[in-house]
Amino acid sequence: MAGIYVHFPFCAAKCIYCDFYSRVRRDWKPYVEALLKELSERSGTFLEKLQGVPPSTLYYGGGTPSLLPSYLLERIAEAVTDTFGGTPPGEFTVEVNPDDITPAKAAELHSMGVNRVSMGVQSFSDEHLKWMRRRHTAAGATAAFDTLRKAGFGNLSLDLIFGFTGLDDGRWAESIDKALGLQPEHISCYQMTGRWANPDEERCRRQYMLLRERLEAAGIRQYEVSNYARPGFESRHNSSYWVREAYLGLGAGAHSFDGDRTRSWNSPDIDAYVGNRPCGEERLSDREVLEEKLMLSLRTVRGLDLAALSGSERGSLKKTTLEELSRAGKLLVDSDSIRIPGEELFVSDWIISRLFPEYTA
Ligand code: SF4
């Protein structure tokens, strides 16, 4: 089922590790007007591609969507619902930062139809939060979580980060346990990349394994390299990316996909977006389509359904490479599917790169 992604590239401050397109500014009214214009201009073509079936998910990401006043967030949600036939999307997620969550904000989000909240916590160590230049404390994140629960949200996700310099296994275990103490339905956990990534790969792997084990023991199962959920609470919106379903991305820097082989994007610049919305588009080659199918599906625990490949795509996967990876315990291969065992998803990029046709020629 198709989805709508809306990007809000505004933040109250920039976190030390963040590469996402976002700016510390608050001139969101013209931005919201530009979003509504883009929705109105692009929705018709998008709906044609969906053959009239309305999108089933709406996702507000950032940046920090929760920084915006609720009436502006609601205007966009209403416009999306009106545009696509009057039925609100089945899953409506908003990313929030803990310091934006007051009882009033939580109630407003709930009453506008948000039914899933993803909260960026990153760590439950105040020392690490300060170093990351996050605006909240561990106690603030706990209080925000409780506020969201009291407002009636039954589907809450927390974001955590591991594998950064300065994170030892003991404090990582504490952060995991504090996250689990809140009993969230979903946890997303990303390994630090770039300048602050810990170069000690063994330590990073240990932290990855610790996370998997503790979450699984608590009934929160891994379903993608960075995502874990109680059964039935997997993110429908994000899951649709991994099976290459269509989505319409609105906002500066947002990407869209037609569900076949056309990808497009808006340039990541707020002023340009509000002005004349420069954008780009590319049509994927056969080879790029195959690479995407491998890269996206093999990130998931479910893996690649071989029925999703054409005959020639299946033929380009060399049997000896599959056997070699399978013997090494990196791949589970049967007649219907190929998947990477959960403990090896930590090195999924390397495993997937071995399957690309240039390695199998
Ligand atoms: S709040 Fe989120 S988007 Fe903004 S700088 Fe921090 S990590 Fe990046």
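When a ligand or atom number is given, it counts from 1 through the structure's own listing order.
Side chain of Glu288 to backbone of Ser285: a donor-acceptor contact under 3.5 angstrom is found. Not one N or O on the side chain of Ser239 forms a donor-acceptor pair closer than 3.5 Å with the backbone of Arg236.
Interface of Cys11 with ligand 1, defined as ligand atoms under 4.0 Å from a residue heavy atom, comprises 1 (S), 3 (S), 4 (Fe), 5 (S). Per-residue contacts place Asn97 under 4.0 angstrom from the following atoms of ligand 1 (heavy atoms of the residue considered): 1 (S). In summary, the atoms of ligand 1 found under 4.0 Å from a heavy atom of Arg134, numbered by their order in the structure, are 1 (S), 6 (Fe), 7 (S). For ligand 1, the atoms lying closer than 4.0 Å to a non-hydrogen atom of Tyr17 are 7 (S). Short contacts between ligand 1 and Thr64, defined as distances under 4.0 Å to a heavy atom of the residue, involve ligand atoms 1 (S), 4 (Fe).
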Please report the C-alpha distance between Ser316 and Leu290 in whole Å, then the side-chain angles of each, then the deciding distance to 0.1 Å, and finally whether the side chain to side chain contact (heavy atoms under 4.5 Å, CB included) criterion is met.
-> CA-CA 9 Å; Ser316 69; Leu290 174 59; 3.1 Å; yes
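In this structure, Phe46 and Phe84 have perpendicular ring planes: the angle between them is above 60°, well past the 30° mark.
One side chain, Glu38 or Asn266, offers a donor N or O that lies under 3.5 Å from an acceptor on the other. Side-chain contact, Glu281 with Ser264: no donor N or O sits under 3.5 Å from an acceptor N or O.
At a 4.0 Å cut-off, not a single heavy atom of Gly120 sits close enough to ligand 1 to count as contact.
The nearest protein atom to atom 3 (S) of ligand 1, hydrogens excluded, is given as Gly63 N, 3.3 Å; this is a heavy-atom distance. Counting protein heavy atoms only, atom 8 (Fe) of ligand 1 is closest to Cys18 SG, 2.3 Å.
Residue contacts to atom 4 (Fe) of ligand 1: Cys15 brings no N, O or S atom closer than 2.8 Å.
Both cation-pi conditions hold for Arg263 and Phe257: the charged atom is under 6.0 angstrom from the six-membered ring centre and inside a 45 degree cone around its axis.
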